Participant: 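This is the structure, below, for whatever I ask next.
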Amino acid sequence: MRELPELPPDFRAFHQLYRGPYVHWAELYLSNRADAEEAVDHAFEQLYFGWSDVLEQENPNAFAWVVVKNRTIDHARARGRRPVVIDTAAFETTALHHAVDPIGQLEENLAIYGAIRALPERQHDVIVLQYCLGYTTRETADILGITQAGVRSNVRYAKHRLKEALGLEEGDEKMRPDDRAH
């Protein structure tokens, strides 16, 4: 972030609370920590320079999330890339490293991540934050600027869509939430 004048306390607090999770998310999409930090810092610059407008939004957290996502996508495009969360995540799972059949596990991972990519945007965000990055329901709600009930509802609908896309029975449970997530 370029040198800014003294930051308002509410902006400074917002930055301290959300820069870490935003960078964590952006790094998953950009596959590079430095690029993620740069994209998120540009998003915070944008938020800073429009901070009074951000605070007037019905939901400043939700507004900030959209800014971060858009800046991350812009950052990837400026470097001639597209966000790659699904492409790389399939290769980095613990299940793959401990699999009896690594190729079969890789195929399963690719199918799951392809199905996640096809989810509606909000469901996609919730699944990525909770299942790929390990955030709790409360943390996910704070990051996205939605209620915890909204997170749980999106998880429920997303899991239903994923089961359909993967041809799983209702009782099958390939994606198990972290105990902290609910």
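If you read the sequence from its start, that first residue is 1, and numbering goes on from there. Excluded from the calculations below are hydrogen atoms, water molecules and symmetry mates; all remaining heavy atoms, backbone and side chain alike, are included. The structure presented is a predicted model; accordingly, all values stated were derived computationally and were not measured.
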Participant: Using atom types as modelled and distance alone, determine if a side-chain donor or acceptor of Ser153 lies under 3.5 Å from a backbone N or O of Ala149.
Facilitator: no
Participant: With side chains defined as the heavy atoms from C-beta onward, is the minimum distance between Tyr157 and Arg161 less than 4.5 Å?
Facilitator: no
Participant: About how many Å separate OG1 of Thr147 and CZ of Arg152, when rounded to the nearest 0.5 Å?
Facilitator: 7.5 Å
Participant: List for me each residue that meets ring-ring contact (aromatic ring centres under 6.0 Å, His included) alongside Phe63, sequence neighbours excluded, and say none if there are none.
Facilitator: none
Participant: Is any side-chain heavy atom of Gln130 closer than 4.5 Å to a side-chain heavy atom of Val151?
Facilitator: yes
Participant: Kindly indicate, with the supporting measurements, whether the criterion side-chain hydrogen bond (donor to acceptor under 3.5 Å, both in side chains) is fulfilled by His160 and Glu164.
Facilitator: CA-CA 6 Å; His160 177 75; Glu164 271 185 4; 3.2 Å; yes
Participant: Please tell me if the side chains of Asn70 and Gln46 come closer than 4.5 Å, counting only heavy atoms from C-beta onward.
Facilitator: no
Participant: Has the side chain of Glu139 got a donor or acceptor atom that lies under 3.5 Å from a matching backbone atom of Thr136?
Facilitator: yes
Participant: I'd like to check Phe11 versus Leu47 (side-chain heavy atoms, cut-off strictly below 4.5 Å). Are they in contact?
Facilitator: yes
Participant: Mind listing the closest non-hydrogen atom pair of Ile116 and Ile127 along with its distance?
Facilitator: CD1-CG2, 3.8 Å
Participant: What I'd like to find out is whether the side chain of Val23 reaches to under 4.5 Å of the side chain of Arg33, using heavy atoms alone.
Facilitator: yes
Participant: Which residues pass the salt bridge (Lys or Arg N to Asp or Glu O under 4.0 Å) test with Asp142, sequence neighbours left out?
Facilitator: none
Participant: Quick check: does any side chain N or O of Asn59 sit under 3.5 Å from a backbone N or O of Gly145, one acting as donor and the other as acceptor?
Facilitator: yes
Participant: Could you check Asp125 against Trp25 for side-chain hydrogen bond (donor to acceptor under 3.5 Å, both in side chains), going step by step and ending with a plain yes or no?
Facilitator: CA-CA 10 Å; Asp125 291 346; Trp25 178 85; 4.9 Å; no
Participant: Once you measure the plane-to-plane angle for Phe14 and Tyr18, does it fall in the parallel (<30°), tilted (30-60°) or perpendicular (>60°) bin?
Facilitator: tilted
